Amino acid sequence: QVQLVESGGGLVQAGGSLNLSCAVSGRSISLYGMAWFRRAPGKERVFVAAISWGGGGMYYVDSVRGRFTISRDNAKNTVNLQMNSVKPEDTAVYYCAIDRLSGRDSLARAPFDYVYWGQGTQVTVSS
C-alpha cells in the first residue's frame, strides 16, 4: 500500500518561510517524478512544483518561481518544498503526489498525471 504523508505546514507571517516534507512508504520514488499541488479555499487543486525522477529537472508555476524550491532525497524516499518569502495568497492545503509513469522524460503538471496523493498539510500565511 502506497502512502504519502505531508508535514511541516502551519501558520506563518508574510515574508516568512516554511519547509514542507513528504514521506513516502510502500513504493520507492527513485524512478518517479514527484510534485506538489495546492488547493486554496473555494478553489480547485492546482500545480505548484515538480521534480524529475533523477532530480535534475524542476518546474514551478510562475507565482512561486524564485521563492519556492522543490527537492528530493531518493535514499530517504522523501520530497521537500522549501517556501520562502511567503505571501497570503500562498494559503492553501499542500499535497504531494507521485507520477503515474516511471522514468518520464518531461515534468508532468496535470493532476491526472499523478496516481498517489497525500492527505495534505495546511499552510496559512497571515498578512
Side-chain angles (χ1 to χ4, degrees):
Q1 181 181 2
V2 180
Q3 288 188 317
L4 292 77
V5 179
E6 300 94 340
S7 62
L11 175 64
V12 61
Q13 287 189 331
S17 298
L18 278 176
N19 186 38
L20 305 185
S21 184
C22 174
V24 181
S25 60
R27 169 177 286 191
S28 169
I29 67 169
S30 60
L31 293 179
Y32 293 87
M34 299 291 295
W36 287 91
F37 289 76
R38 66 186 180 187
R39 188 197 303 270
K43 296 187 178 180
E44 296 183 349
R45 183 160 45 186
V46 296
F47 171 83
V48 175
I51 187 167
S52 62
W53 61 272
M58 286 83 77
Y59 187 84
Y60 302 90
V61 68
D62 287 347
S63 60
V64 309
R65 189 173 293 119
R67 299 187 297 121
F68 291 9
T69 302
I70 188 171
S71 62
R72 64 189 297 153
D73 187 332
N74 287 344
K76 294 182 179 179
N77 232 35
T78 59
V79 61
N80 291 331
L81 185 69
Q82 177 65 41
M83 306 169 60
N84 297 329
S85 303
V86 296
K87 303 175 180 179
E89 51 263 43
D90 294 322
T91 294
V93 178
Y94 283 73
Y95 303 89
C96 64
I98 299 176
D99 196 331
R100 181 178 304 277
L101 302 177
S102 64
R104 191 193 295 262
D105 289 336
S106 59
L107 291 169
R109 285 169 269 175
F112 62 74
D113 285 322
Y114 292 85
V115 64
Y116 295 107
W117 296 81
Q119 299 279 42
T121 185
Q122 175 71 48
V123 171
T124 303
V125 183
S126 63
S127 57

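Since this is a predicted model, take the numbers as computed values, not measurements.
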**Pairs touching residues 2-12 that satisfy side chain to side chain donor-acceptor pair (under 3.5 Å), sequence neighbours left out** = none
Quick one: list whatever passes side chain to side chain donor-acceptor pair (under 3.5 Å) with [X], sequence neighbours left out.
X	result
S21	N80
Q122	T124
S17	N84
S30	S28

**Request:** Name all pairs fulfilling the disulfide (SG to SG under 2.5 Å) condition that reach into residues 89-127, sequence neighbours left out, sorted by first residue then second.
**Result:** C22-C96
**Message:** Is there a side-chain contact between Q119 and V5 in this structure, where contact means two heavy atoms from C-beta onward sitting under 4.5 Å apart?
**Reply:** no
**Prompt:** Would you say the side chain of Y95 lies within less than 4.5 Å of the side chain of R39, judging by non-hydrogen atoms?
**Reply:** yes
**Item:** Sequence neighbours excluded - salt bridge (Lys or Arg N to Asp or Glu O under 4.0 Å) pairs with any residue from residues 73-82
**Value:** none
**Request:** Enter the distance from Y94:OH to F37:CZ here, rounded to the nearest 0.5 Å.
**Result:** 13.0 Å
**Asked** Say you draw a straight line from CZ of R27 to CD1 of I29; how long is it, rounded to the nearest 0.5 Å?
**Response** 11.0 Å
**Request:** Determine, stepwise, if the pair I98 / L4 fulfils side-chain contact (heavy atoms from CB on, under 4.5 Å).
**Result:** CA-CA 9 Å; I98 299 176; L4 292 77; 3.9 Å; yes
Set of side-chain contact (heavy atoms from CB on, under 4.5 Å) partners for [X], sequence neighbours left out:
X	answer
V46	R38
S85	R67
S102	L31, Y32
V12	L18, V86, V125

For residues 105-118, please give each side-chain donor-acceptor pair under 3.5 Å, one per line with the distance, not counting sequence neighbours.
residue: R109; atom: NH1; partner: Y59; partner atom: OH; Å: 3.2
residue: Y114; atom: OH; partner: A108; partner atom: O; Å: 2.6
residue: W117; atom: NE1; partner: Y114; partner atom: O; Å: 3.4

**Request:** Kindly give the heavy-atom pair with the smallest separation between I70 and M34, and that separation in Å.
**Result:** CD1-O, 4.0 Å
